[in-house]
Amino acid sequence: MNIAFFLLPKNEVVCLTQESTLRQALERMEYHRYTSVPVLTEDGEYVGTCTEGDLLWFMKNSSGKTTFETASKVVLKDIPLRSANKPVRIDSNMEDLISLAKVQNFVPVVDDMNKFIGIVRRSEIIGYCEKRVFANKV
């Protein structure tokens, strides 16, 4: 099955750029109630996933230099991203998606130039697998 069927397109995904500030990241994640979001370059290439943990560990390890008041002075490209959410290409197969969904909440999808085009949520993949399993029991 074509993974494009499960794709939540980029314009519907909450993303951050490497130039977003720590404060912007915290506020967007809080507002949307997400624990992780894709991070893109200014050109739209996928570079990683920022998690709440990345932001909190950065603030903790700054020895008090980074607070919520100073968070608007720190950009995401200066924050180490610990989560290695691997992307798949749009022409990948379902097996690739399923293997990544075991360890990621969502799977970023890129084109052949590494431009971010959207995500596939783990819940969509589980729903697909559920239908396949129960269809075989009938």
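- Sorted by first and then second residue, the salt bridge (Lys or Arg N to Asp or Glu O under 4.0 Å) pairs with a member in residues 97-124 form an empty list; sequence neighbours excluded.
- Annotation: side chain to side chain contact (heavy atoms under 4.5 Å, CB included) contacts of Asp96 (sequence neighbours excluded): Val88, Ser92, Asn93.
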**Asked** Are Leu55 and Cys50 close enough, and set up right, to give a side-chain contact (heavy atoms from CB on, under 4.5 Å), and what steps lead you there?
**Response** CA-CA 8 Å; Leu55 305 178; Cys50 179; 3.5 Å; yes
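- Each ring pair (Phe, Tyr, Trp, His ring centres under 6.0 Å) pair with one or both residues in residues 67-116, not counting sequence neighbours, would appear here, but there are none.
- Annotation: salt bridge (Lys or Arg N to Asp or Glu O under 4.0 Å) contacts of Asp91 (sequence neighbours excluded): Arg89.
- A distance of 4.5 Å separates CD1 of Ile3 from CD1 of Ile90, quoted to the nearest 0.5 Å.
- Residue pairs that meet the salt bridge (Lys or Arg N to Asp or Glu O under 4.0 Å) test with at least one member in residues 53-66, sequence neighbours left out, do not exist here.
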**Asked** Could you go step by step and tell me if Thr51 and Arg82 meet the side-chain contact (heavy atoms from CB on, under 4.5 Å) rule?
**Response** CA-CA 8 Å; Thr51 67; Arg82 301 174 193 275; 5.9 Å; no
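- Under the ring pair (Phe, Tyr, Trp, His ring centres under 6.0 Å) criterion, no residue pair touches residues 37-67, with sequence neighbours excluded.
- Among residues two or more places apart in sequence or in another chain, the salt bridge (Lys or Arg N to Asp or Glu O under 4.0 Å) test is passed with Arg28 by none.
- With sequence neighbours excluded, the residues that form a salt bridge (Lys or Arg N to Asp or Glu O under 4.0 Å) with Glu27 are Arg23.
- Contacts of Thr35 classified as side chain to side chain contact (heavy atoms under 4.5 Å, CB included), with partners at least two apart in sequence or in another chain: Glu52, Asn105.
- Residues in residues 13-45 take part in these ring pair (Phe, Tyr, Trp, His ring centres under 6.0 Å) pairs, two or more places apart or across chains: His32-Tyr34.
- Follow the hydrophobic side-chain contacts under 4.5 Å out from Val107 and you never reach Ile126; the two are in separate clusters.
- In this structure, Val103 has no side chain to side chain contact (heavy atoms under 4.5 Å, CB included) partners at least two apart in sequence or on a different chain.
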**Asked** Under the side-chain contact (heavy atoms from CB on, under 4.5 Å) criterion, do Ile125 and Ile98 qualify, and how do the steps go?
**Response** CA-CA 7 Å; Ile125 299 165; Ile98 291 168; 3.7 Å; yes
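- The side chain to side chain donor-acceptor pair (under 3.5 Å) contacts involving residues 6-19 comprise Thr17-Ser20, Thr17-Glu42, Glu19-Lys77, where partners must be two or more places apart or lie in separate chains.
- The distance from atom CG of Leu22 to atom CG of Leu16, rounded to the nearest 0.5 Å, is 10.5 Å.
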